[in-house]
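Report on one structure; see the data block that follows.
Residue numbers start from 1 in every chain, and the chains themselves are labelled A, B, ... in the order their sequence lines are given, proteins ahead of strands.
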Amino acid sequence: DEATARYAMILGDDALMLSQRLSSWISRAPELEEDVALANIALDLLGHARFLLTYAGTAWGKTEDDLAYFRDEEEFRSCRLVEQENGDFGRTIARQLIFSTYQHQLYSRLVHSTDPTLAAIADKALKEVQYHQDHAAQWTLRLGLGTEESSRRIQDGLDSLWSYVEELFLDVDPIPALGDVAVLPSSLREDTLHRLREAIEAAGLTVPEMSGAYGSDRTGRFSEQRGYILAEMQVLARQHPGATW
Amino acid sequence: DEATARYAMILGDDALMLSQRLSSWISRAPELEEDVALANIALDLLGHARFLLTYAGTAWGKTEDDLAYFRDEEEFRSCRLVEQENGDFGRTIARQLIFSTYQHQLYSRLVHSTDPTLAAIADKALKEVQYHQDHAAQWTLRLGLGTEESSRRIQDGLDSLWSYVEELFLDVDPIPALGDVAVLPSSLREDTLHRLREAIEAAGLTVPEMSGAYGSDRTGRFSEQRGYILAEMQVLARQHPGATW
Amino acid sequence: RAGQERFEELIAADSRVEPRDWMPEPYRKTLVRQVSQHAHSEIIGMQPEGNWISRAPSLKRKAILMAKVQDEAGHGLYLYSAAETLGTPRDEMFDQLYTGRAKYSSIFNYPARTWADVGAIGWLVDGAAITNQVPLCRASYGPYGRAMVRICKEESFHQRQGWEILYTLSHGTEEQHQMAQDAVDRFYGPALQMFGPPDSDSPNSGQSMAWNIKRFSNDELRQRFVDMIVPQSEALGLTLPDPELQWNEERGHYDFGALDWDEFFSVLKGNGPLSRQRLEHYRRARDEGAWVREAAAAYAGRQHQEQAALAGA
Amino acid sequence: RAGQERFEELIAADSRVEPRDWMPEPYRKTLVRQVSQHAHSEIIGMQPEGNWISRAPSLKRKAILMAKVQDEAGHGLYLYSAAETLGTPRDEMFDQLYTGRAKYSSIFNYPARTWADVGAIGWLVDGAAITNQVPLCRASYGPYGRAMVRICKEESFHQRQGWEILYTLSHGTEEQHQMAQDAVDRFYGPALQMFGPPDSDSPNSGQSMAWNIKRFSNDELRQRFVDMIVPQSEALGLTLPDPELQWNEERGHYDFGALDWDEFFSVLKGNGPLSRQRLEHYRRARDEGAWVREAAAAYAGRQHQEQAALAGA
């Protein structure tokens with residue numbers, strides 16, 4: 001039904017946007033191994049996005065590409081965290097740590113969804129997200145305990161992104177109405193923050209003070225990034241409407 | 001006639017692309033005075049582009065906006081120099097020095113064009129371009145003779161961009177056929193390089209060795225930058241075809 | 001003290017205090033805070049609109065927008081100069097902004113997400129700014145008042161341009177009209193809050209008024225602004241998002257509904273949608289420009305030495 | 001010397017030389033140069049295609065392209081490892097690339113300007129690479145030959161994917177067809193030049209063949225490639241930009257026209273359309289990643305110390 005589709009779209013948009021951001025590290029990573037690792041994570045996320053958007057599209061007779069390439073900015077439902085610029089590697093890792101910790105909590109509950117498609121998608125994604133989280137936690141340790149500069153940079157990344165954390169736990173429409181089909185974002189808050197706190201403290205870093213940036217409705221009303229992401233992502237598809245590739 | 005229009009388009013596209021690149025310094029310049037100065041130069045160039053594209057458009061019944069927003073990548077005729085990324089301030093100044101020196105030579109001859117519109121446009125632009133060149137030469141001095149770092153950075157900028165200099169002097173179609181309507185790019189080479197050499201040496205910098213990057217036909221066949229510039233520049237106009245703003 | 005007396009005379013006569021005049025420390029401090037805050041607002045205010053220069057939908061609009069953002073940098077320059085006449089060096093003010101100790105107008109912590117926002121910022125944000133600033137042209141401190149005169153002239157251009165953007169959108173395609181209405185819906189409340197908290201919540205205003213810096217209270221200015229924009233919105237063919245908005249014959253003013261002051265204070269505290277982003281943008285520009293400023297200073301120092309050597313020879 | 005004898009035996013028997021075997025210095029040097037050049041080509045080769053990941057026109061194509069560029073990084077890793085077994089540390093090879101002393105395949109100094117270029121790179125560039133590399137799977141140096149086996153398997157996927165992109169474009173809209181034809185027009189010549197200069201101009205090939213590193217001459221491989229792509233281009237519905245291209249019954253091969261060797265040597269000398277850009281992209285990534293690598297090294301060092309301390313306790 002449409003409410004489930006809208007929920008799948010929220011999850012799919014998060015994955016798509018983060019994949020898009022991450023993929024621009026490819027050929028720019030600090031080590032060749034990281035080109036491979038970040039491409040891997042970006043590919044996993046793109047895979048999740050494709051499943052979720054394909055599923056969402058069934059409610060409106062749309063394909064994954066209709067949803068990815070022919071929705072306008074205000075029709076996307078991604079959170080601001082995944083839309084943030086990559087910045088340096090420290091900031092990218094901070095974003096990965098936050099998002100994959102959240103996503104891991106989310107999918108480990110979504111496997112019990114009463115919607116069999118969502119449960120199956122979550123099941124497939126869960127192992128991958130576990131790897132994403134390990135990867136981010138490992139790098140958080142290396143950067144946090146590495147050099148003075150690296151510790152400063154990842155701390156800056158965490159400080160800078162922390163105000164977008166609360167948005168992850170907002171019970172936005174239509175989730176509360178979906179019952180056991182969905183996972184209530186607010187129900188993830190405590191465990192996610194706990195895990196994050198552990199990872200951050202293990203790396204000798206400081207958990208930033210919680211204070212959410214105003215405006216957390218996933219409509220893009222409060223983002224200046226989304227338009228730029230879409231301008232680039234959609235440019236070719238929109239230049240040739242109706243073409244197949 | 002169409003040949004003159006195609007010539008005006010070449011000049012207009014150079015100005016438009018450089019204006020677009022420069023304008024992204026606004027709110028990012030190293031000093032507030034430079035926010036103002038770079039915006040000024042970008043505005044001047046945009047002004048030239050508008051005159052030139054409006055004039056070019058008359059040959060095909062098109063407006064400046066038709067040409068700026070609804071041509072595809074391969075229809076632009078800008079040179080690669082103006083499409084290069086801003087990089088740091090040193091690289092931007094290096095690009096400005098090269099381009100405004102060339103453009104100053106160009107316009108100071110184009111004022112004698114037998115085409116009265118082109119002559120008038122050149123006449124208006126000439127004073128502005130003189131200022132652009134002074135500005136770039138001043139900064140070349142400051143950076144070249146400033147600190148070790150600044151001298152290294154502007155030298156890097158010059159070295160990096162120098163392989164796009166030769167393209168400025170190529171007598172691409174339709175210019176040779178235009179006679180005294182146009183200025184033959186090759187006729188600008190000696191004086192431009194002489195001026196550049198003076199400015200560079202006065203700043204204690206080294207004139208890079210001349211070696212042109214292969215492929216100088218202004219078709220964009222050899223640029224990976226143009227597509228990105230246009231994706232951003234044209235996104236909104238193309239989202240609303242036929243709209244007025 | 002003669003200085004104190006003269007200062008009081010100047011204020012009583014509603015004349016200008018000039019940089020070389022004696023002035024009480026709290027007067028100086030209040031002015032520095034206000035003028036530098038205003039300067040910072042111009043600087044940070046370049047970002048939301050600057051965000052649309054590269055994507056402006058016509059070359060004419062691109063030129064107008066570029067010129068506008070350039071004007072804001074210019075206003076920043078005038079205002080920092082005015083503040084410098086009070087004895088605070090520009091770099092100190094930059095540092096305060098850089099470290100997040102200085103305030104700037106909260107409105108710039110809202111995003112300019114669509115092209116219509118550029119129009120709404122021009123019409124509503126610059127409109128509110130002018131309403132605020134016109135009385136400041138008569139501010140008792142000379143350099144500030146004179147800077148405001150120049151600024152107000154340019155701002156009223158900007159407001160007109162913003163109005164024109166919205167007018168064109170409002171009378172364009174259905175999507176364009178919707179884009180314009182959305183932008184007005186989003187900027188209306190925050191624009192009204194630009195005048196500051198209600199008078200009952202604004203303890204410092206009295207002193208500023210006694211010093212002839214401020215001339216009207218927050219609520220008076222807000223009312224004046226509402227009275228101005230209601231007919232303008234009708235001419236635009238757009239609605240203002242306040243169901244309680246209506247003409248009050250008796251007061252001779254428009255009544256309007258309560259504003260969301262929780263949001264206001266939350267944004268003021270640094271939790272605006274883009275508070276982080278704005279400050280980081282500023283910091284990055286500052287950091288990345290450090291080597292250029294060093295080079296310019298080194299070069300200037302060397303030029304100076306050479307000239308001195310020549311003069312000595 | 002026993003080592004020399006054994007080496008010669010191995011070569012004569014067309015067996016593998018392994019890292020711990022003795023080998024003549026020139027053999028080692030030739031291999032290091034060839035393997036590291038190949039590795040560098042994979043790394044620089046990520047850029048032209050990487051350029052289209054963000055703009056790929058469907059999610060499926062985006063995924064395929066991302067996986068492909070990732071494979072290239074993987075190939076780089078195998079090849080650097082193979083080269084390391086010859087005694088050259090990876091960082092030394094990185095430095096050679098960074099400083100512009102090392103070569104990589106000139107083809108990557110051409111831009112991937114349109115989406116169709118991604119197809120043409122897959123079909124023609126990977127196609128030429130495979131033609132080159134399949135014989136290298138039997139290269140006398142073991143680690144190199146084995147790396148090539150893995151790589152060739154993946155490359156043939158890539159070639160197939162490139163062909164599919166072009167096929168879809170060629171049979172799509174008129175603009176798409178044109179885009180595909182343009183891309184083939186641009187990449188055909190440079191792809192044929194990937195086999196290196198004509199045999200008459202390639203002095204080092206003889207020794208490499210004697211050592212069982214190279215198995216076929218440049219011109220032989222080029223002919224093999226042309227013979228492969230002509231029928232493929234017909235299946236694509238695209239033409240190859242060579243009017244002299246035709247089947248020669250007598251030779252049992254396709255004849256083809258002369259290539260622009262001036263262009264080839266000019267690009268080889270560093271004047272490719274994007275030679276500067278490719279190297280600067282690489283350098284920037286390396287420079288911007290330096291602090292990360294330092295941090296990782298410091299962390300690993302500390303971990304190591306702690307473990308040593310525990311072991312000692």
Interatomic spacing from OG1 in B:Thr244 to CZ in C:Arg61 - rounded to 0.5 Å: 9.5 Å
Considering residues, nucleotides and ligands other than C:Arg150, do more than 12 of their heavy atoms fall under 6.0 Å from its CZ? no
Return the minimal non-hydrogen interatomic distance between B:Pro30 and C:Arg286, and the atom names on each side. O-NH1, 4.4 Å
Winner by heavy-atom pair count (cut-off under 4.5 Å) against chain C, out of B:Trp25, B:Trp245, B:Phe89: B:Trp245
Could you tell me the separation between the OG atom of C:Ser54 and the CD atom of B:Gln234, rounded to the nearest 0.5 Å? 12.0 Å
Okay, C:Leu77 and chain B: the region with an atom under 4.5 Å from a heavy atom over there is both
Per-residue tally against chain C (heavy atom, under 4.5 Å) across B:Glu149, B:Glu33, B:Glu148 peaks at B:Glu33
Counting only non-hydrogen atoms closer than 4.5 Å, does C:Tyr282 touch chain B with its backbone (N, CA, C, O), its side chain (CB onward), both, or neither? neither
If you count heavy-atom pairs under 4.5 Å between each of B:Arg153, B:Arg28, B:Arg21 and chain C, which one has the most? B:Arg153
Looking at C:Gln47, C:Glu294, C:Glu72, C:Arg90, which one has more heavy-atom pairs under 4.5 Å with chain B than the rest? C:Arg90
Can you tell me which portion of B:Val36 sits under 4.5 Å from chain C's heavy atoms? Options are side chain, backbone, both or neither. both
Of all heavy-atom pairs between C:Ala295 and B:Thr147, which one has the smallest distance, and what is that distance? CA-CG2, 3.8 Å
Closest non-hydrogen atom pair, C:Pro57 against B:Ala237: O-CB, 3.8 Å
So which part of B:Arg238 gets closer than 4.5 Å to some heavy atom of chain C, the side chain, the backbone, both or neither? neither
Within a strict 4.5 Å, meaning less than it, do heavy atoms of the B:Arg50 and C:Lys60 side chains meet? yes
Checking B:Leu46 against chain C: side chain, backbone, both or neither under 4.5 Å from a heavy atom? side chain
4.5 Å side-chain heavy-atom contact, B:Leu16 and C:Leu59: yes
Under 4.5 Å, heavy atom to heavy atom: which of residues 152-162 of chain C reach chain B? Give them by number, or say none. none
Counting heavy atoms not belonging to C:Tyr104, are there more than 12 under 6.0 Å from its OH? yes
Identify the heavy atoms of C:Ile53 and B:Ser23 that sit nearest to each other, and give their distance. CG2-OG, 3.6 Å
Cut-off 3.5 Å, no hydrogens considered: what does the side-chain donor-acceptor table look like for residues 297-308 of chain C, sequence neighbours left out?
{"residue": "C:Arg302", "atom": "NH1", "partner": "B:Leu145", "partner atom": "O", "Å": "2.6"}
{"residue": "C:Arg302", "atom": "NH2", "partner": "B:Gly146", "partner atom": "O", "Å": "3.1"}

C:Ile43 portion near chain B, given a 4.5 angstrom heavy-atom threshold: side chain
To the nearest 0.5 Å, what is the distance between CG on B:Leu236 and CZ on C:Arg55? 8.0 Å
Option that, when pairs with chain C are counted at under 4.5 Å, heavy atom only, ranks first among B:Ser19, B:Ser150, B:Ala29, B:Ser151: B:Ser150
Do C:Met46 and B:Ile26 come within less than 4.5 Å of each other through their side chains, counting heavy atoms only? yes
Winner by heavy-atom pair count (cut-off under 4.5 Å) against chain B, out of C:Ala285, C:Gly50, C:Gly119: C:Ala285
Tell me the residues of residues 170-186 of chain C whose non-hydrogen atoms fall below 4.5 Å from those of chain B, in number order. C:Thr173, C:Glu175, C:Gln176, C:Met179
In this structure, are over 12 heavy atoms from other groups packed under 6.0 Å from C:Tyr98 atom OH? yes
By residue number, those in residues 53-73 of chain B with heavy atoms under 4.5 Å from heavy atoms of chain C are B:Leu53, B:Glu64, B:Asp65, B:Ala68, B:Tyr69
Answer whether the closest heavy-atom distance between the side chains of C:Lys62 and B:Gln20 falls below 4.5 Å. yes
Heavy-atom check, side chain of C:Glu288 versus side chain of B:Asp88, under 4.5 Å: no
Min side-chain heavy-atom separation B:Ser27-C:His281 under 4.5 Å: yes
Under a 4.5 Å heavy-atom cut-off, does chain C meet the side chain of B:Trp139, its backbone, both or neither? side chain
